[in-house]
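Have a look at the structure below before the remarks.
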Amino acid sequence: MNDWLLFLLVAVPLVGGIALMFFPSRNYPLIRGYSAAVAGVSALLSVSIFFAYDYTAAGFQFTNSFQWLPVLGIQYSLGVDGISVLMVLLTGIVFITGVLISWNIEHRPKDFFVHYLLLVAGVYGVFVSQDLFFFFFFYELAVVPMYLLIAVWGSSTDFKTFLRTKEYGALKLMLYLVAGSLLVWVGILAVYVAGQGDSFAFSDLVSREFTPGFQRFFFPFFMVGFGVLAGLWPFHTWSPDGHVAAPTAVSMVHAGVLMKLGAYGILRSMELLPEGARDWMPALIGLGTVNVIYGAASAMSQKDLKYVVGYSSVSHMGYVLMGIATLDALGVGGAVLQMFSHGVMTALFFAVVGVIYHNAHTRDIDVLQGLAKRVSVTTALFVIAGLTSLGLPGLSGFVAELLVFIGLFRTYPILGAIGVIGAAITAVYILRLLAKVFFGPISERWQHLHDASPVESVAAGALATVLIAVGMLPSYFVRVINSGVLPFLERLTGA
Amino acid sequence: MITLVHVQVLSAGLFCIGLYGVLARRNAVLVLLAIELMLNAVNVNLVGIAAFVDHSKFLGQIIAVFVITVAAAEVGLALAIILRLYRNKGTTNVDQLNLMKW
Amino acid sequence: MENLTANLYLLWPEFLLAGLAFVVLTADFFLPAERKNYLALVSILGLAALIIFTTAFLLNRNAALYGGLILIDRFSLLFKVTFLGLGILMVWSSADFVKRYLSHPGEYYAMVLFSILGMVVMASAGELLTAYIGLELLSFSLYVLVSHAREDLKSNEAGTKYILLGAFASALLLYGISMVYGVVVQVGIPAPTTFEAIATYVARVNSLPVSFLVGMALIIAGLGFKVAAVPFHMWTPDVYEGAPLPVTAYLAVGSKVAAFALILRLFAQAFLPAIEEWQTIIAILAAATMVLGNLVALAQRNIKRLLAYSSIGQVGYLLMGIAALSASASNALILHLVGYGVTNLAAFVAVIAFYNATGKDEVADFAGLADRNPFIAMALTVSLFSLAGLPIFAGFITKFYLFLAAAQADMLWLTGIAVFASLISLYYYLIVIRQMYVEEAQVKTPLSLSWVTGGLLGLLTLGTVLIGVYPKPLVDVIQTATKAILP
Amino acid sequence: MELAWLAPALNFAAFGVVSLFGKYLPGKGSFLSILAIFGGFILFGVVLADYLGQKEDTLSFSRTWVELGVARITWGMIIDPLSVIMLGIVSFVALLVQVYSLGYMAGQERFGWYFAAHSLFVAAMLTLVLADNLILLYIAWELVGLGSYLLIGFWYERPSAAEAAKKAFVTTRIGDVGLLIGILMLFKATGTFEMAGVFAAVEAGHVAPGALTWATILIFAGAMGKSAQFPLHVWLPDAMEGPTPVSALIHAATMVAAGVFLVARAFPLFEAAPDARMVVAVIGLITAGMGATMALVMTDLKRVLAYSTVSHLGFMMLALGAGSVPAAIFHLLAHAFSKALLFLGAGSVMHAMHDETDIRKMGGLRKKMPITALTFTIGALSLAGIPPLSGFFSKDEMLLAVFDGLSPAFLVLALVIVLFSALYMARLLFTVFYGASSPEAEHAHESPSVMTLPLIILAAGAAVVGFLALEVGGYEGFGNFITSGHHGFEVNLLLTVAAVVLALVGFGLGYAIYVRKALSTQALMGQFGWVHKLLVNKYYMDHAYQWAIDRIVLVFASFIGAFDRIVVNDMGVNGTAETVKRSGFRIRYLESGMVYNYALAMALGAAAVALFWWLVIPRIG
């Protein structure tokens with residue numbers, strides 16, 4: 001049974017999404033209930049995989065493999081290690097809460113959920129694939145539904161000096177992500193050809209010898225290609241614009257999970273080209289530092305809630321990139337935990353912003369004021385997300401960032417200090433935001449604002465609970481991460 | 001004495017004249033004739049090669065026969081289509097074939 | 001000299017196909033007007049029967065007829081079946097359109113069948129003249145089909161342009177053939193225009209003489225015209241736009257697949273020994289083709305022209321397969337041909353379905369299609385995504401394979417350009433998709449979709465997904481075909 | 001003693017329960033919070049008794065929190081004199097404040113939330129003082145910040161409160177950046193977060209002096225934030241926007257003491273880094289002076305107290321800089337009692353005056369609210385350093401430490417500040433409670449007993465804790481207790497006399513000015529107009545910060561924001577896309593529609609291929 005868990009994990013949303021196409025499109029309760037059921041099953045699978053993962057044994061578990069195209073050495077092989085199993089859990093959590101947050105979608109809900117399920121299937125696929133081809137396959141699959149999800153169900157916003165339409169956001173996001181993936185594609189082909197050209201399996205490719213020159217030349221293809229998805233500066237602009245345009249659940253998956261795909265991809269590609277990776281890590285860490293500061297400063301100047309959160313994602317992903325680039329057990333472990341933490345946190349952020357937007361029909365910080373008086377649940381949830389974002393202890397963000405900082409201090413202390421300062425800048429803009437939007441006197445306009453609905457509260461509350469739980473008791477998570485990161489670093493540094 | 005080179009120069013000259021016709025003529029029928037000229041350049045070439053080099057002596061001529069046949073059919077078909085065009089549009093000037101561009 | 005009739009029975013499929021064409025042509029005279037749509041059914045059934053017969057009859061036969069003029073092998077078998085199947089799809093996709101917009105369905109279907117015959121000959125030709133004859137048969141049929149909408153000025157114009165340029169291209173091709181013939185024959189190789197003879201010649205000489213190269217350049221120009229490779233592509237958008245829609249689909253898929261079957265065999269069996277001499281040229285042509293096709297497609301407002309440029313772009317990818325010619329590249333090329341054929345046909349059938357219901361073919365007219373007919377919109381989206389090379393559709397794996405083959409031939413730079421070109425292509429595909437899903441329709445009435453076209457559309461969409469999800473059986477078959485030309 | 005960890009745990013639990021389920025409980029769950037902190041106080045008693053019996057430092061609790069690769073972060077709680085004392089101060093003051101709040105906050109909206117936040121704050125504070133390692137300390141440190149954020153911003157509908165909460169959090173966070181960097185630097189140098197381990201390594205000289213000095217200064221930066229030291233003191237006066245009991249708890253007795261506690265806790269570092277200690281002394285002196293001078297001119301009751309707090313915190317830092325932990329901690333204790341008393345007294349006054357805080361509108365309240373007036377007077381006299389109240393003892397200790405440890409200039413300035421302290425306390429006391437009754441004070445009345453009782457208890461405390469310093473009989477004295485017998489009680493008679501005289505002069509001056517009106521304040525203001533203006537404007541520090549935020553931070557942020565949109569996005573991303581698109585539109589015009597052009601392209605194409613073959617291939621092939 002265990003062998004089939006991962007197969008099911010990908011198949012459930014994929015088949016579920018395809019099956020949903022044949023549902024009557026007017027029966028809203030059925031569509032919703034069905035989607036929630038699919039998401040529920042997936043989430044249950046994710047959770048059980050996570051807790052069934054034996055971190056004492058480490059390595060790849062639940063492995064399973066099917067021949068797909070033997071001519072090219074492509075297998076559909078599945079497996080998770082300590083890093084990816086955490087990502088699977090993250091996906092499960094964001095998946096189910098995203099469905100719940102989208103409970104009240106009125107415009108063509110069937111199509112929405114079909115796309116949404118396919119999107120998640122792609123994401124799961126990336127995290128569990130142990131074959132470079134399928135890794136790429138699912139990576140692109142996760143991108144495909146994005147365009148319509150944003151362009152059809154998103155929202156356009158007229159800022160005073162410029163206009164951001166949903167079509168623009170969707171187009172840019174899609175082109176950008178595909179551009180990144182195409183770079184990766186070139187890299188994959190090069191690696192395949194140079195590695196005897198008979199197998200796409202990770203396990204085979206990592207054991208192939210690539211010349212240092214080759215590695216140095218081709219690692220950037222992976223780093224930048226995946227980096228685009230991870231919001232690597234200066235290839236990040238799709239992310240805030242995409243988030244501003246996207247509907248809530250998509251923003252959640254997108255910032256919550258998809259951006260992690262990028263970081264995860266970088267991690268995996270480092271294993272393929274260890275020497276190239278080592279040479280390029282200083283560049284990555286430098287860009288990551290820029291991400292942190294630049295993202296935070298941009299976030300500070302924004303007037304739209306989603307832009308703030310979008311740029312804060314850019315900033316937080318900077319920590320992930322920095323952590324990865326330390327090549328230090330603590331730094332990489334912290335980066336992985338930060339991927340999880342930021343995923344849940346940003347999903348919560350977008351969920352709450354979505355609720356506000358749904359009820360208030362604006363996200364303009366200058367217009368929203370004193371909401372706490374009216375919408376206490378929403379406020380509480382937003383505050384929790386905000387506090388996680390600024391790295392408050394007791395919430396998951398702190399543990400992750402602390403580990404990253406420790407890792408940085410062991411390798412690049414100056415950048416570590418800059419990272420810590422970045423966290424303080426985050427505090428500035430988050431607190432400014434809280435003070436502006438939620439506190440102060442409530443304006444007349446919001447006297448009758450609705451609070452989050454019960455379903456929304458449950459969804460967002462679940463995310464908040466995860467944040468607190470991980471923040472309080474990170475040890476289990478860290479042990480799982482440990483079981484993935486330590487062998488990873490061993491392979492990478494040959495130690 | 002006439003050698004293969006002479007024949008080939010003739011052929012190439014014919015071909016170039018035809019090419020010039022295709023590029024310079026504006027009347028569709030004249031363009032078609034220019035193309036015929038190019039096809040005949042091919043025939044000259046084929047027959048010349050067959051005569052001077054080919055030991056079986058036949059292949060080039062056979063090809064030439066095929067080319068003549070196909071060219072005849074082609075001209076017939078093309079004229080039919082140009083006629084259709086003339087009926088509907090009242091001209092065979094290729095300059096005015098610009099309903100579709102860019 | 002072998003007995004000319006000895007192996008004639010191996011050409012049964014061709015004879016039967018020609019017979020079928022004549023049957024359809026003659027039946028047209030006798031059938032009353034309201035029954036003429038039976039002709040489509042007859043053609044389809046006939047073609048289906050031929051597929052079964054051909055497969056069963058030729059499956060384990062290998063022969064080179066008449067000193068290598070016609071080759072019966074797995075390669076030609078695969079393409080014969082493909083073309084016959086394509087004929088079915090073509091007839092099927094035309095059925096509604098012909099009923100509504102064209103007179104003389106008999107001629108139309110007969111021409112389709114003749115063109116199929118031309119393709120079949122092209123795929124099995126082992127000699128330049130034979131290939132040329134097949135090519136011309138295909139072209140003649142297409143000239144007629146393109147100008148089949150007799151009263152339509154655009155159709156007339158398209159037909160005129162097509163035949164003038166087609167004849168011009170034939171002239172170039174023939175001159176090229178004559179030059180190659182002249183060079184090869186001089187060294188005394190028997191049957192000098194067969195692929196085998198050319199290969200022997202090419203393998204024998206150290207460096208190819210200029211006259212051979214000029215001949216080859218002209219052959220490339222002639223065939224490049226057929227497949228619409230830059231700079232021989234310029235007829236494509238105009239003819240695609242002017243031709244009746246199903247014919248456009250046929251041009252985009254049928255004539256291209258056939259031409260590539262011929263090119264593949266020609267380059268694999270004749271020119272391969274000199275691959276170092278022509279590889280760079282084909283690669284440059286490929287790069288130019290994909291970049292230009294996709295760039296200009298960005299600027300198109302008419303869906304037919306857009307798909308025309310998109311297909312030019314696809315030709316660029318296909319040429320990569322030629323440039324990187326190897327067993328792997330050949331596999332990839334054929335796979336991409338099949339995948340591209342199915343996908344592009346799906347796209348065109350969706351456009352045809354839309355055109356049948358509205359009579360419009362501008363991109364802007366597709367606004368709100370997702371509301372007016374979700375199925376057409378979905379199918380078109382699937383095919384466009386597949387053309388862009390996104391999973392889980394056919395285009396993903398076929399492109400992946402093709403680019404992989406190019407990478408294996410150390411042409412990663414070309415892969416890089418191709419990748420860039422696919423990115424551009426995604427942009428204009430998304431513009432169409434945006435029209436369908438995001439923009440509001442001006443007229444909001446639902447669009448009707450007949451069972452005939454709808455069924456075909458469903459089938460093609462399913463095919464697009466199936467190839468994308470599980471290509472292994474197809475690849476297995478293709479490998480046997482490749483073995484026939486590249487042992 | 002092993003149970004000490006229960007003290008924070010109880011309060012954390014109370015926070016969880018009250019915040020989630022408070023509204024369903026009787027009294028909105030307030031009793032739970034009070035019970036929890038009462039439990040904490042009881043535990044203090046137990047721990048103290050144990051400690052006095054045992055006399056050695058012990059860990060109450062220790063467990064691994066995170067283990068990753070080579071690094072391990074453990075959590076533990078340490079019982080030593082310092083933590084025992086802090087445990088006592090925090091739980092005692094918090095208990096009284098919470099009881100007081102029952103009356104003060106009665107009828108407020110979000111009554112339950114108030115107590116929940118209180119519990120969170122107390123829990124964090126208790127964790128902070130008990131922490132045995134730097135990470136746990138930092139965690140608690142941040143949670144303390146959160147607690148104060150929530151409490152200051154309790155009346156978040158008021159823009160000023162929301163603003164003050166934000167300011168407090170952000171300002172302290174700036175200090176925290178330093179703290180975290182300092183901690184990480186120490187970790188890099190020593191490989192551990194456990195304080196004992198770090199101190200041992202430092203004492204053994206395993207840390208390079210330069211790095212140590214910087215790390216220590218950075219840690220002090222954290223203390224500067226929380227303890228409102230110059231230049232990060234600006235948040236504290238604004239924090240008075242919170243409910244008054246909160247001011248009493250957080251901004252008098254506990255949170256602001258955290259910085260002092262931190263320096264005391266990390267004192268081995270400061271001992272090993274004399275330069276850093278000098279920084280502490282200088283900053284402390286500046287803070288003390290600025291606070292005292294500003295307290296002289298403020299007209300808001302709570303602000304005067306706030307600046308007084310700033311001044312006293314500066315004094316404590318000065319003492320630490322001078323090298324005396326016992327003096328600083330002793331003053332912390334005395335100040336905690338006195339200042340909590342004053343704040344609660346101020347709350348009582350405000351309660352009576354309908355939230356009026358302007359002292360110019362008060363007067364003669366002595367008659368209306370005698371208990372408040374009496375207790376307030378005790379607190380004020382204590383802080384002014386009038387014997388035999390606690391402030392006298394602690395201030396004396398600190399002056400002695402300065403005398404011993406630093407150059408005479410420090411001592412002179414410190415004595416001037418002592419004079420100022422007495423003066424502003426006198427001003428406050430006389431203006432509010434004595435003199436003529438103001439019209440606004442007509443309807444004032446004494447507060448309910450749930451509020452006056454804590455006042456009385458605190459007043460008793462403020463009056464007598466000073467005697468803890470003495471060595472009497474078997475009791476070894478405070479100094480010896482906290483240093484485990486290394487610091488006995490000392491008196492420098494001359495210094496003591498000088499300080500008392502100065503305090504009395506200050507008080508006398510106040511009496512002369514504010515009661516007898518012997519000196520006109522108007523005249524003084526006229527004479528020293530610019531000084532007054534400078535002080536009233538708080539040395540223009542707020543202006544400077546505001547300017548820096550508006551003109552530097554926000555401008556920088558908008559520059560980055562605009563750069564991102566205009567350069568990176570519009571020019572970089574859209575520009576590239578636009579170029580590609582334009583080139584598409586350009587190239588399309590090659591497609592002229594003319595057959596002969598098409599044919600020409602073909603012919604040229606064929607020719608180009610042939611030429612390429614002929615000319616280029618041989619060269620590259």
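Below, chains carry the letters A, B, ... as their sequence lines are ordered, and counting in each starts from 1.
The line from CG of D:Leu180 to CZ of A:Phe409 is 7.0 Å long, rounded to the nearest 0.5 Å. The CZ atom of D:Arg110 sits 5.5 Å away from the NZ atom of A:Lys373 when rounded to the nearest 0.5 Å.
In terms of heavy-atom proximity, A:Leu392 sits nearest to D:Glu142 at CD1-O, 3.8 Å. Closest heavy-atom contact between A:Ala297 and D:Ala557: O-CB, 3.4 Å. Among all heavy-atom pairs drawn from D:Trp65 and A:Pro474, the shortest one is NE1-CD, 3.3 Å. The two residues A:Ser301 and D:Gly561 have their closest heavy-atom pair at OG-CA, 3.4 Å. When all heavy atoms of D:Ala162 and A:Ala435 are compared, the pair lying nearest together is O-CB, 4.4 Å. Between A:Ser298 and D:Ile560, the closest heavy-atom pair is OG-CG2, 3.1 Å.
When side chains are defined from C-beta on, D:Trp155 does not count as touching A:Phe439, because their heavy atoms never get closer than 4.5 Å. At least one side-chain heavy atom of D:Val553 sits less than 4.5 Å from a side-chain heavy atom of A:Met300. Counting heavy atoms from C-beta outward, A:Arg410 and D:Lys188 have side chains that stay 4.5 Å or more apart.
The number of heavy-atom neighbours closer than 6.0 Å to CD1 of A:Ile414, taken from other residues, nucleotides and ligands shown, is 12 or below.
In this structure, no portion of A:Tyr307 lies under 4.5 Å from any heavy atom of chain D. Both the backbone and the side chain of A:Pro441 come within contact range of chain D, judged by heavy atoms closer than 4.5 Å. In this structure, the portion of A:Tyr311 lying under 4.5 Å from any heavy atom of chain D is its side chain and not its backbone. Only the side chain of D:Tyr149 comes within less than 4.5 Å of a heavy atom of chain A; its backbone N, CA, C and O stay farther away. Looking at A:Lys172, the atoms closer than 4.5 Å to chain D (heavy atoms on both sides) all sit in the side chain, from C-beta outward. Neither the backbone nor the side chain of A:Phe477 comes within less than 4.5 Å of any heavy atom of chain D. For D:Leu184, the parts sitting under 4.5 Å from any heavy atom of chain A are the backbone and the side chain alike. Neither the backbone nor the side chain of A:Ile442 comes within contact range of chain D, judged by heavy atoms closer than 4.5 Å. Only the side chain of A:Asp241 comes within less than 4.5 Å of a heavy atom in chain D; its backbone stays farther off.
Counting heavy-atom pairs under 4.5 Å between each of D:Thr64, D:Val170, D:Ile181, D:Ile135 and chain A puts D:Ile181 at the top. Across D:Ile139, D:Asp564, D:Ile183, D:Asp570, the residue that shares the most heavy-atom pairs under 4.5 angstrom with chain A is D:Asp564. With chain A as partner, the option from D:Ile549, D:Asp176, D:Asn574 having the largest number of non-hydrogen pairs under 4.5 angstrom is D:Asn574.
D:Arg173 places a side-chain N or O within 3.5 Å of a backbone atom of A:Leu390 that can act as its donor or acceptor partner.
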